[in-house]
Amino acid sequence: MVRLLEALKTKALTADGAMGTILYSYGLESCHEEMNVVKPELIEKIHREYIAAGADLIQTNTYGANTIKLARYGHQSRVHEFNEAAVKLAKNAADGGQYILGTIGGIRGVRTTDTTLEEILKAIREQAEVLINGGLDGLLLETYYDFEELTETLKMLRQMTGMPIIAQVSMHEPGVLQNGMSLNDALHELENLGADIVGVNCRLGPFHTIQAFQGVELPKKAMLSAYPNASLLDIEEGRVIYESEVEYFARAAVQLRNQGVRLIGGCCGTTPKHIEAVKKQLINLKPIEKKETVPQQKIEISEPEPRLLEPLHEKVKRERSIIVELDTPRHLETDAFINGAKTLYNEGADLVMMADNSLASPRISNIAMGAMLKLQHNVRVMPHITCRDRNLIGLQSHLMGLNALGLHDILAVTGDPTKVGDFPGATSVYDVSSMELISLIKQLNEGISFSGKKLRKKANFSVAAAFNPNVRVLERAVGRLEKKIEHGADYFISQPVYSKEKIVEIYEATKHLKAPIYLGIMPLTSFRASEFLHYEVPGIKLSDEVLERMKNCDGDKAREAAEGVSIAKELLDTAVKYFNGIYLITPFLRYEMTLQLMQYIKQLDMQNKGVQANV
């Protein structure tokens, strides 16, 4: 049989369609790769149906047959077993006239912190060794949203084998990758890295796939491939369905060929009937050698308006800066909150921070209150943004709204799980972690949406990240700070600290970081509240001395509050020596306690200036 790449020089080839969709239609919703050993006759039957439909190429049922994806089902030790079985089944089904590709699927989506690139490459190497040794006609890399993952995988595989490699990206938007890169540039980069065939698969249906290829120039050496979905997906009675007429899909295959695509198959929702219709359309067509590309509409990304107030991560590097937190109410009475926020800001706080339903308990929207404070009372605010409550759609919409309101100071946090809050049965979303959220916010600052689409204008966010120093091994927490800086964090805001020794320890452990830190101080209000914070609130630990001092005041509200402020002042004596940034957390809307601490910081700064002047 003519080698695959030679065959593609003279004719357009038809690949197979979806495997997972058919298994799903049979009610098999668990590990599809396990079917290679549990239901081998079914996998072989599906291969044979595609061959009977006219497929020139079939692919092994190994999309997720790596340790990382198989671990979800407890099958991480069965990589060799599943891949070897898949190769055998594909070979059994082929009658000698088909090319067989070993399929390797992408692992990363938007989340990049769950698995490191090193772990991914290790897993793919193990899988690829089995497929390469299986005597196949090539490797198919498909459904890669993360371009870095695809390029690094391609480079590794190119060193491992000289067999043909097909490298396919997946797009959220036609013609553009998740990172904002154009499809044309991405495919040419894959060609330069050694891919023999470059193309796209999944997510988009025929219409948008054709649209994406209109802006793609013919590669100089590589050839183009396309495996579109049958259509955009729909949900019917809780099940995913794809509605597409096979003749429409086949006509689209001809249009893809007219865009220079030489290898055409199907992804989600396609069946042997789709492939049969494609084959009939392509059988007498030769690949095109020249094409006119349609220039993509050039969308200019304008610069944001200049910020009226200096970003705090710049100010705090040279002088004292104070952030105060005041949580929005859990009820509908807002007067006390607004009065407290206005008072603290007018007395010198750089901004008022508002949590995003802390401890997974609902409060008045921090965006709503932030907009009121800014627009009606000219108070600078910083809302928290948690990953817990919103999927990617909601997060981007939320952030675009913040930018439109001119609320450019934000703290990105993962968020407490819902099971700790008022509604333990509610769902935690967590499409991303705080690190990915920081990266996505910085992508908005470049005028690029989460899906890679240009937004016509750059956002103007200054992004703070959370820091919990109250851990057993501080070095690990500092390591997380370093990773957050890599993702784009401009500065950090710490959980409250209740030990002078801890303050010094934090300084020594973080003084090498370029991103400044606002050290958290929160006055205690009572012994009972102190015990609650110490024993029940994640990320907060009190010293034995502090607990004992609060216990000695137990039952006397005035003494307890005074002692709480006194302890906070003693901590500030040390904190202001090491940190320009101070973060004061207001307990239970008792902003008069925070006000005392702000005034005390001013006194300390005046004393220090006096000492320096005398020196």
Side-chain angles (χ1 to χ4, degrees), residues 304-313 315 321-390 393-413 415-416 421-423 437 441 444-445 457 459-464 466 490-491 493 518 520 522 583-595 597-598:
E305 292 89 358
R307 291 185 61 158
L308 299 177
L309 298 172
E310 181 183 25
L312 292 192
H313 65 270
K315 176 181 179 179
S321 177
I322 300 173
I323 291 174
V324 299
E325 179 175 323
L326 196 66
D327 282 345
T328 60
R330 293 188 181 186
H331 46 70
L332 295 178
E333 172 53 57
T334 61
D335 289 349
F337 171 82
I338 291 173
N339 289 335
K342 288 167 55 180
T343 300
L344 293 171
Y345 187 70
N346 292 334
E347 289 297 322
D350 285 302
L351 57 73
V352 176
M353 177 190 287
M354 296 168 291
D356 189 7
N357 299 325
S358 57
L359 295 178
S361 297
R363 296 174 178 271
I364 294 181
S365 161
N366 58 7
I367 285 190
M369 297 309 300
M372 288 177 61
L373 288 172
K374 178 181 185 294
L375 299 176
Q376 297 179 18
H377 305 286
N378 199 32
V379 174
R380 185 176 183 179
V381 296
M382 173 191 280
H384 293 194
I385 305 293
T386 68
C387 305
R388 176 196 59 230
D389 297 338
R390 305 169 191 89
I393 300 167
L395 283 171
Q396 180 169 316
S397 174
H398 196 65
L399 287 160
M400 292 170 73
L402 284 169
N403 191 73
L405 288 167
L407 306 182
H408 297 131
D409 300 290
I410 53 179
L411 172 67
V413 294
D416 303 306
D422 292 352
F423 299 101
L437 178 56
I441 294 170
L444 296 181
N445 278 0
K457 185 178 181 180
N460 204 0
F461 292 114
S462 175
V463 187
D490 294 307
Y491 59 117
I493 297 173
Y518 280 76
M522 181 170 73
Y583 163 48
L584 299 176
I585 303 130
T586 305
F588 311 115
L589 275 179
R590 296 180 64 173
Y591 60 86
E592 72 282 354
M593 300 177 77
T594 303
L595 189 59
L597 298 181
M598 288 175 57

S.K.: Are any of the side-chain heavy atoms of N403 and H408 separated by less than 4.5 Å?
M.R.: yes

S.K.: How far does OH of Y518 sit from CD1 of I323, to the nearest 0.5 angstrom?
M.R.: 4.5 Å

S.K.: L344 and L595: side-chain contact (heavy atoms from CB on, under 4.5 Å), yes or no, with the steps?
M.R.: CA-CA 6 Å; L344 293 171; L595 189 59; 4.2 Å; yes

S.K.: CE/M353 to CD/E325 distance, rounded to the nearest 0.5 angstrom?
M.R.: 6.0 Å

S.K.: If I take atom CG from residue L437 and atom CG from residue L399, how far apart are they, to the nearest 0.5 angstrom?
M.R.: 6.5 Å

S.K.: Taking atom CD1 of I393 as the centre, does the number of heavy atoms from other residues, nucleotides or ligands within less than 6.0 Å exceed 12?
M.R.: no

S.K.: What distance do I385 atom CD1 and R390 atom CZ have between them, rounded to the nearest 0.5 Å?
M.R.: 5.5 Å

S.K.: Between CG of L597 and CD1 of I322, what distance do you get to the nearest 0.5 Å?
M.R.: 9.5 Å

S.K.: Indicate yes or no: at least one non-hydrogen side-chain atom of D490 is less than 4.5 angstrom from one of P311.
M.R.: no

S.K.: Can you list every pair that meets salt bridge (Lys or Arg N to Asp or Glu O under 4.0 Å) and has a residue in residues 335-350, with sequence neighbours left out?
M.R.: K315-D350

S.K.: Would you list the pairs meeting salt bridge (Lys or Arg N to Asp or Glu O under 4.0 Å) in which at least one residue belongs to residues 371-383, sequence neighbours left out?
M.R.: R380-D409

S.K.: Can you name the closest pair of heavy atoms from A371 and L407 and give their distance?
M.R.: N-CD1, 4.1 Å

S.K.: Would you confirm whether N460, through its side chain, and E305, through its main-chain N or O, come within 3.5 Å as a donor-acceptor pair?
M.R.: yes

S.K.: Determine, step by step, whether N339 and Y591 satisfy the side-chain contact (heavy atoms from CB on, under 4.5 Å) criterion, reporting the C-alpha distance in whole Å, the side-chain angles of both residues, the deciding distance to 0.1 Å, and the verdict.
M.R.: CA-CA 9 Å; N339 289 335; Y591 60 86; 4.3 Å; yes

S.K.: Ignoring hydrogens, what is the shortest heavy-atom contact between D422 and S361? Give both atom names and the distance.
M.R.: OD1-OG, 3.2 Å

S.K.: What distance do I338 atom CD1 and H377 atom NE2 have between them, rounded to the nearest 0.5 Å?
M.R.: 4.5 Å

S.K.: With a 4.5 Å heavy-atom cut-off, do S462 and L312 have their side chains touching?
M.R.: no

S.K.: Quick one: does any side-chain atom of D356 pair with a main-chain N or O of T386 as donor and acceptor, under 3.5 Å?
M.R.: yes

S.K.: If you take all heavy atoms of M593 and P587, which pair is closest and at what distance?
M.R.: SD-CG, 4.2 Å

S.K.: Could you go through the side-chain contact (heavy atoms from CB on, under 4.5 Å) check for F337 and R363 one step at a time?
M.R.: CA-CA 12 Å; F337 171 82; R363 296 174 178 271; over 6 Å; no

S.K.: Could you verify whether a donor N or O on one side chain and an acceptor N or O on the other, from N366 and T328, lie under 3.5 Å apart?
M.R.: no

S.K.: Return the minimal non-hydrogen interatomic distance between A466 and V413, and the atom names on each side.
M.R.: CB-CG1, 3.8 Å

S.K.: Between L589 and L326, is there a side-chain heavy-atom distance shorter than 4.5 Å?
M.R.: yes

S.K.: For the residue pair A464 and M382, what are the closest heavy atoms and their distance?
M.R.: CB-CE, 4.3 Å

S.K.: Between N445 and F461, is there a donor-acceptor pair closer than 3.5 Å when you use the side chain of the first and the backbone of the second?
M.R.: yes

